[in-house]
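Please read the structure below before turning to the comments.
These numbers come from the heavy atoms of this one structure, side chains and all, not from hydrogens, waters or symmetry mates. This is a predicted model, so every value here is computed, not measured. Atoms within each ligand, like the ligands themselves, are counted from 1 in listed order.
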Amino acid sequence: MNVPFVNLNLQYQSIKQEIDEAVSKVFETGTFVNGRFVSDFEELFAKAYGVKHCISVANGTDAIYICLKMLGIGYGHEVITTACSWISTSEAISQTGATPVFVDIEEDYCHINPQVIASKITNKTKAILPVHLLGQAADMNTIMRIARMHELPVLEDSAQAHFAKLENRNVGLFGLAGTFSFYPSKNLGASGDAGAIITNCEDYANRLRLFARHGANNKHDHIIEGINSRMDEIHAAVLLAKLPHITRWNRLRQQHASYYNFLLLGVAQVSTPKVRSRAEHVFHIYQIRCEQRDALEHFLNSRGIETGRHYPVPLPFLKPYDYQMHRPYDFPIASKYQKEILSLPMFPEIEKNQIEYVVNSIREFYTR
Ligand SMILES: *Cc1c(COP(=O)(O)O)cnc(C)c1O
């Protein structure tokens with residue numbers, strides 16, 4: 001049996017007609033940027049989030065960069081973020097000229113440890129950037145409390161956590177703004193690169209939009225120098241077609257996660273993912289922690305099962321951050337996770353017998 005890590009074709013097949021119609025409508029209108037699909041998507045995404053403003057952008061990395069820039073963040077400033085994320089998070093900080101200041105993760109979740117944040121705050125700190133990694137909320141209540149105490153804005157990298165909740169509130173709505181990626185394999189994915197920012201602050205929303213559209217209020221009225229960061233009509237049309245399905249897709253992911261958890265009960269060498277109290281995890285990634293990770297990974301791959309690591313190397317230990325001269329003991333939890341984490345196949349259309357095959361293979365590995 002082959003079990004892919006994700007299968008975007010199955011998703012397409014399940015809503016083929018809706019996608020095909022959406023895409024051909026874009027070609028028929030002949031408008032490929034700045035059109036109706038983008039504005040409709042912004043409106044419906046904002047409505048689904050219960051937020052006042054949604055600004056569509058070209059990708060999730062831009063979304064973070066634009067948010068930081070419009071806070072006036074640049075050279076000589078510091079932004080506090082997590083040691084465990086995709087590089088977009090820290091790249092966007094460096095792109096402004098500021099320095100990413102990494103914080104170790106929590107013992108039970110791979111999210112920024114709020115207890116460490118305060119010790120990293122200096123007079124150069126301009127923002128806190130937590131990431132809702134893997135599809136689950138970071139500890140936003142504690143983070144917001146610390147941020148308020150130090151009067152720092154919070155931006156939430158929600159690229160992996162569309163409609164994930166904490167205490168019944170969608171992530172992305174706790175801080176000043178939430179940023180999203182619609183990279184094809186995300187829980188809500190476009191047919192290429194796309195992203196968005198949500199915020200309830202009107203003044204900030206206006207500045208974000210201005211910067212993402214060449215600093216112009218309308219075509220030739222340039223107020224500042226901005227960048228070109230637009231969502232294409234074709235991606236907006238695809239996202240509009242997919243938006244009505246996201247709740248069901250997230251629910252399926254949750255059901256698959258429960259089935260994995262159930263089948264993995266009693267496999268002493270494996271810890272299944274912990275869900276934060278009063279949080280709703282949307283399982284962008286189903287990540288276990290396990291013994292003999294490298295050997296298990298190799299065994300599963302040899303059995304036709306694709307796996308992943310999210311992420312193989314914590315951000316502070318990636319080459320671009322050599323200049324910060326970090327050592328493993330600076331990030332003890334992230335360093336420990338690095339050796340134990342393994343992501344198993346997870347997508348809404350995965351079959352029960354595929355999950356069974358994955359878990360049987362894991363059991364087989366440990367009883368050889
Ligand atoms: C996917 C992702 C992003 C943004 O990715 P883009 O490819 O630029 O859309 C940012 N942060 C995290 C944690 C991500 O997983």
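Tested against H132 for a side-chain hydrogen bond (donor to acceptor under 3.5 Å, both in side chains), the candidates H111, E156, Q160 yield a single pass: E156. Residue E280 forms a side-chain hydrogen bond (donor to acceptor under 3.5 Å, both in side chains) with just one option from R169, Q136, Q254, K165, and that option is Q254.
At the top of the distance list for atom 9 (O) of ligand 1, counting protein heavy atoms only, stands S181 OG, 2.6 Å. In this structure, atom 11 (N) of ligand 1 lies nearest to the protein heavy atom D157 OD2, 2.7 Å.
Close contacts between ligand 1 and V131 involve ligand atoms 13 (C) [criterion: under 4.0 Å to a heavy atom]. Atoms of ligand 1 found under 4.0 Å from any heavy atom of K186 (numbered from 1 in listed order, with element): 1 (C), 2 (C), 3 (C), 5 (O), 14 (C), 15 (O). Within the listing of ligand 1, atoms 13 (C) sit less than 4.0 angstrom from a heavy atom of S85. Those atoms of ligand 1 that come under 4.0 Å of a heavy atom in T61, given as number and element, are 4 (C), 5 (O), 6 (P), 8 (O).
The shortest N or O to N or O distance between D193 and ligand 1 is not under 3.5 Å.
A tilted orientation is assigned to the rings of Y49 and F45, their planes being inclined by 30° to 60°.
Under a 3.5 Å cut-off, the side chain of N187 and the backbone N or O of W249 do not form any donor-acceptor pair.
To the nearest 0.5 Å, atoms CG (L152) and CD1 (I117) are separated by 9.5 Å.
Using a 4.0 Å cut-off between heavy atoms, T179 makes no contact with ligand 1 at all.
Comparing H310, Q160, H132, E91 against atom 15 (O) of ligand 1, the shortest heavy-atom distance belongs to Q160.
Figure legend: R253 and Y286 shown without cation-pi pairing, the cationic atom not lying both under 6.0 angstrom from the six-membered ring centre and within 45 degrees of its axis.
Here K69 does not pair with D62 in a salt bridge; the nearest charged N to carboxylate O distance is not below 4.0 Å.
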